[in-house]
Amino acid sequence: MKENSFVSTDHIRSAFSSAMSAMYRAEVPAYGTLMDLDETVNAETLAAHPELRARLEDTDSLDRISQERHGAIRLGSPAELSMMRRVFAVMGMFPVGYYDLSTAGVPVHSTAFRPVGDASLKKNPFRVFTSLLRLDLIADEALRMEAEETLSKRQIFTPGAIVLTEKAENQGGLDKDDAARFVAETLETFRWHERASVSPAMYKRLHDAHRLIADVVSFKGPHINHLTPRTLDIDAVQARMPDYGIAPKAIVEGPPTRQCPILLRQTSFKALEEPVSFQADDGSWQQGSHTARFGEIEQRGIALTPKGRALYDDLLNASRKTVRPAADGSNAAEYEKALAEAFAPFPDSWAGIRAENLGYFSYSLTAKGRSAKADRSASLDSLIADGLVQFDPIVYEDFLPVSAAGIFQSNLGDDAAQEFVASPNQQRFEEDLGAKVLNEFDHYAAIEQASIEECRRLLSSVAAAE
Ligand code: OOG
Ligand code: NI
């Protein structure tokens, strides 16, 4: 087959994310309600801020503003994780970052499968936060072995998904028909199963050990547990969820409301209690319930440098020493105030963030820079001061472990917090994954560096043309 008959991985990812959106909306009607609210708030925000509309028209396509930006799954074994990596690669999604959530009382470690490179992210930024259950953190050895045994018997990928993934690997891509089949087959892995694969007694034991273990081990597959569209005003959606009959989590995770948004802010509605059935030892099916699925929204800001990220982590820790957000929302206003106060030292202008080397920027020539003579050897600062070069924030494309833990906790039930000893194990995760995770900072630094080089190249060709 000729290579040019393959569809792009970006195209497969877009088709996959819209198929998943349709499936999840049908499975979880409350998620559809959240999307409606999000679309309303986005439309109102654009109408109230013409300058924002103009900026987004330049950089994004407006009709895709309210589309999903990410989802999440929880896997049970190394074999599932490494196959998932191969499946996501067919859609142009690669593991970026390592997140240890053990410190936050959640027995998983995770990565984000996402597109890398500016062009792919612009076409469709859909990512999947993917966690691997850590049975090594479970104290009860008998239960651990039973859980492993149960997980070893399931096959979360359809035969068709496996064949098409291998075909894509061998050929270097998929043609249009195969890509459509691949999307349909792969979607099956993310589907909800009303019938659990464990007995009611086993479910209870797993659930008593940790709700998350029950969620991962009890079902035929790693059902998608949430999807997350983008919002232009997260505070407005948070405030209005109750009007739409959905219960928001206690607080918005991440940095406070700011003029210049940094990193990532997220909130969700609380996971729903849904009917499931369990097969008892006598073969009869018994009704029960399971709580796992929810809907989330996100608002992204500038990617921070290691220095900026360290400052973010320090300020967040400082605010949480003053007020720890209570799961029931009773101190939400107090928490917000403490958070805003703690972040006062973080500059809230793009120039201020840039001057202190806290964030990554993309540089480009101004109209003046495109026509004027320039001294190629001039420093970036003086090119900016002379009005030849301008800078725009690079959007953060990754996740935040403290926020992710907050999302997990509020959706596992408020009594789920447990203490585990911090035990990050990136090496073990990468062995299980079958690849190294990419470093998020390298990605942003490379985009910034390429933009600077492009400015210099264009400036010097202006000079050379004289
Ligand atoms: C994943 C929670 C993390 C986020 O947005 O930080 C996450 C999960 O609950 O499985 O999706
Ligand atoms: Ni999420």
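Whatever order the structure lists ligands and atoms in, that order sets their numbers, starting from 1. The figures that follow rest on heavy atoms only: side chains count, while hydrogens, waters and symmetry mates do not.
The single protein non-hydrogen atom nearest to atom 9 (O) of ligand 1 is R74 NH2, 2.7 Å, given as residue, atom name and distance. The shortest contact between atom 6 (O) of ligand 1 and any protein heavy atom is with Q266 NE2, 3.1 Å.
Taking a cut-off of under 4.0 Å to the non-hydrogen atoms of A404, the atoms of ligand 1 that pass are 3 (C), 6 (O). If you number the atoms of ligand 1 from 1 as listed, the ones under 4.0 Å from a heavy atom of F399 come out as 4 (C), 5 (O), 6 (O). Numbered from 1 in the order shown, with element, the atoms of ligand 1 that lie under 4.0 Å from a heavy atom of E296 read 4 (C), 5 (O). In summary, the atoms of ligand 1 found under 4.0 Å from a heavy atom of F408, numbered by their order in the structure, are 1 (C), 2 (C), 8 (C), 9 (O), 10 (O). If you number the atoms of ligand 1 from 1 as listed, the ones under 4.0 Å from a heavy atom of H226 come out as 1 (C), 7 (C), 11 (O).
Contact annotation for A72 and ligand 1: only side-chain heavy atoms (C-beta onward) come within less than 4.0 Å of the ligand.
The shortest N or O to N or O distance between S131 and ligand 1 is not below 3.5 Å. Between S403 and ligand 1, no pair of N/O atoms sits closer than 3.5 Å.
For the pair N225 and ligand 1, a heavy-atom separation below 4.0 Å is found. Residue contacts with ligand 1 leave out E298, since none of its heavy atoms falls under 4.0 Å from the ligand. Contact analysis puts H70 in contact with ligand 1, with a non-hydrogen atom separation below 4.0 angstrom.
Within the 3.5 Å criterion, the main-chain N or O of K270 finds no donor-acceptor partner in the side chain of S268. The closest donor-acceptor contact from the side chain of T228 to the backbone of R69 lies at 3.5 Å or more, if one exists at all.
Under the side-chain contact (heavy atoms from CB on, under 4.5 Å) test applied with S110, the options I73, D100, L75, L101 reduce to a single match, L101.
Ring-centre distance between F399 and H70: below the 6.0 Å cut-off. Taking the six-membered ring for Trp and the full ring otherwise, Y312 and F343 have centroids separated by under 6.0 Å. Taking the six-membered ring wherever Trp is involved, the centroid distance between the rings of Y203 and H290 falls below 6.0 Å. For an aromatic pair to be called close, the ring centres must be under 6.0 Å apart, and H193 with F219 fails this.
When side chains are defined from C-beta on, R230 counts as touching I65, because their heavy atoms get closer than 4.5 Å.
Cation-pi geometry between R354 and F391 is met: under 6.0 angstrom from the ring centre, within 45 degrees of the axis.
Among the backbone and side-chain atoms of E296, an N/O/S atom is found under 2.8 Å from the Ni ion (ligand 2).
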